[in-house]
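Naming convention: chains lettered A, B, ... in sequence-line order (proteins, then strands); numbering from 1 in each chain. Just so we're clear, the structure is a prediction, and the values are computed from it rather than from any experiment.
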Amino acid sequence: MTEWTPTADIETLRRRAMLMTAIRQFFADRQVLEVDTPVLSSVGVTDVHVHNLRTLDGGFLLTSPEYPMKRLLAAGLGDCYQLGHVFRADESGARHNREFTLLEWYRLGWDHHQLMQEVTALCDWVHRAAGGSSALASTFLSYQAAFEGAGLPDPHRVSLRELRQVAALQLSADTAKWDRDACLDALMALVVEPGLPLERLTFVTDYPVSQAALARTHTRGGVELGYRFELYWQGMELANGYWELTDPKEQRRRFEQDAQRRVSQGLAVPEVDERLLAAMQAGMPECAGVALGVDRLLMAVLGKSHIREVLPFDADRA
Amino acid sequence: MATYSTSEFKSGLKVLLEGDPCAIVENEFVKPGKGQAFSRVRLRNLKTGRVWERTFKSGESIEAADVLDIDMEYLYSDGEFWHFMKTDGSFEQLPADVSAVGDTKDWLKEQEQYVVCLFNGTPISVSPPNHIELEIVETDPGLKGDTATGGSKPATLATGAVVKVPLFINQGEIIRVDTRTREYISRAKQ
């Protein structure tokens, strides 16, 4: 029989609509402007582990509105958010759907600490709007402390050899050819993450510089760290934020580094987004930004275990 | 040699792990937002029945296992091997050893059909039909008329298996048994 019915039940779809309204109200109250930049773009993402869906005319469906939003910031728009759909090829599972709803916002003159407070306030707002009575508590944990708390070695100083051994043992994997970040990503997702508190918002900060992506960096205790944070709640990764890099030279260097990694992995190498670099050259304001998975936020609030349960139609029925 | 990449993983897929044939039971997609993707896989070893967990990085692959389930008729045991015959008209016979037959030896009845799992052409497991009819070779005498109290007693079947039967069932009767639960279902219809 042809499956035509929604994958979420009607009550959940009503809650979904209420969540969207609550998010828009949250930002309206704070004078953060809603923007809707194109999801179909002439350039794609260079991230090594995120892949665009392509259109037949050579376009890219965006994996996040980050580049166009940063161009708006450089043009002087000020604090803004976008609540819309994004696309990621080859992502499918209980917490992944190739098309999903992302909330991304930027705050001028803020650092990641201020932004983490606002992320907490948003989650609390949504939690209360859904009938939650008590305020949500939050915990801050460095990437290193998160690893060590799970009985794993110091992720910044452990040798690759030992890291591979630990990953092989913990994950039952053949890690002989895995690089440092593969071992760290797998341990983070499969060992650290399941042990984080369910009920509290947990912010993990100070990522290895190899995983800093578009965050600015600093050196502490001889280790270079990224001003990046990830939010975990109800056993799920919900958001990823940065104290944003604004230096166009460093940005170009990271794009080129990504391109080299893509070449070495036999992946397509998209053109660098010259418009973003030109905008940064013209002057992007100091800011912090974050992207939050709205479908997962709804899963967390409603206690759903599969993303299809909060989507009108999942990728299989889209 | 055929291989399957992580993107092809799905439950039911037959693969080779550490030289043993396995079936994928569950495949979970795991990916940190900015990080690499992994497959967390549960596999059942088709020889031992044990379930293994393994993690693969996206893009890694596993060798395919030459595994085939076919219907075969049980013929006889020579004490060391249990002999089965193909039902495809070829009359080809294959011996299954004690590890392949496993607990199914409690349900082996001549001329009955079984699903035999072949790995590289050799039987590695034998599955009985869900229901089978077997004769009771030994049980305490039946209690006449006692069909309502719901009591039970052990009965030994022709294959050596012991199952619980209602008190009114007698030695020499043929009963229907559920091979999955080892439970009595009914008297066999004559």
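More than 12 heavy atoms of other residues, nucleotides or ligands shown are found within 6.0 angstrom of CZ on A:Arg180. More than 12 non-hydrogen atoms from other residues, nucleotides or ligands lie less than 6.0 angstrom from CZ of A:Arg261. Remark: A:Arg54 CZ is packed, more than 12 non-hydrogen atoms of other residues, nucleotides or ligands lying under 6.0 Å away. With a 6.0 Å radius and a threshold of 12 heavy atoms from other residues, nucleotides or ligands, B:Glu18 has its CD atom above the threshold. Atom CG of B:Asp103 sits in a sparse spot, with 12 or fewer heavy atoms from other residues, nucleotides or ligands closer than 6.0 Å. Surrounding CZ of B:Arg50 are at most 12 heavy atoms belonging to other residues, nucleotides or ligands under 6.0 Å away. The environment of B:Glu138 atom CD is sparse: at most 12 non-hydrogen atoms of other residues, nucleotides or ligands sit within 6.0 angstrom.
Exactly one residue among A:Glu193, A:Met188, A:Glu237 makes a side-chain contact (heavy atoms from CB on, under 4.5 Å) with B:Pro32. That residue is A:Glu237.
In this structure, no portion of A:Ala94 lies under 4.5 Å from any heavy atom of chain B. Of the atoms belonging to A:Leu184, not a single heavy atom falls under 4.5 Å from chain B. Residue A:Thr175 does not touch chain B at all, counting heavy-atom pairs closer than 4.5 Å. The part of A:Arg88 that comes within reach of chain B is its side chain, from C-beta onward, which places non-hydrogen atoms under 4.5 angstrom from that chain. Looking at A:Gln211, there are no atoms closer than 4.5 Å to chain B (heavy atoms on both sides), in backbone or side chain.
Remark: side-chain polar atoms of B:Gln36 are not paired, donor with acceptor, to backbone N or O of A:Asp185 under 3.5 angstrom. Remark: the backbone N or O of A:Asp47 is not paired with any side-chain donor or acceptor of B:Lys34 at under 3.5 angstrom.
Interatomic distance, CZ of B:Phe29 versus CG of A:Asp90, reported as 7.5 Å (0.5 Å rounding). Distance CG/B:Leu17 to CG/A:Asp174: 10.0 Å, rounded to 0.5 Å. Residue A:His96 holds its NE2 atom at 6.0 Å from NZ of B:Lys31, rounded to the nearest 0.5 Å.
Proximity of A:Leu171 to B:Arg40: side-chain heavy atoms (C-beta onward) are separated by under 4.5 Å at one or more points.
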Requested in this report: Evaluate side chain to side chain contact (heavy atoms under 4.5 Å, CB included) for A:Lys177 paired with B:Glu60, printing each intermediate quantity in order.
Outcome: CA-CA 10 Å; A:Lys177 290 179 188 154; B:Glu60 289 181 344; 6.0 Å; no
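Most heavy-atom pairs under 4.5 Å with chain B, from the set A:Ala291, A:Ala182, A:Ala168: that is A:Ala182. The candidate with the highest count of non-hydrogen atom pairs below 4.5 Å against chain A, out of B:Asn27, B:Thr55, B:Val41, is B:Thr55.
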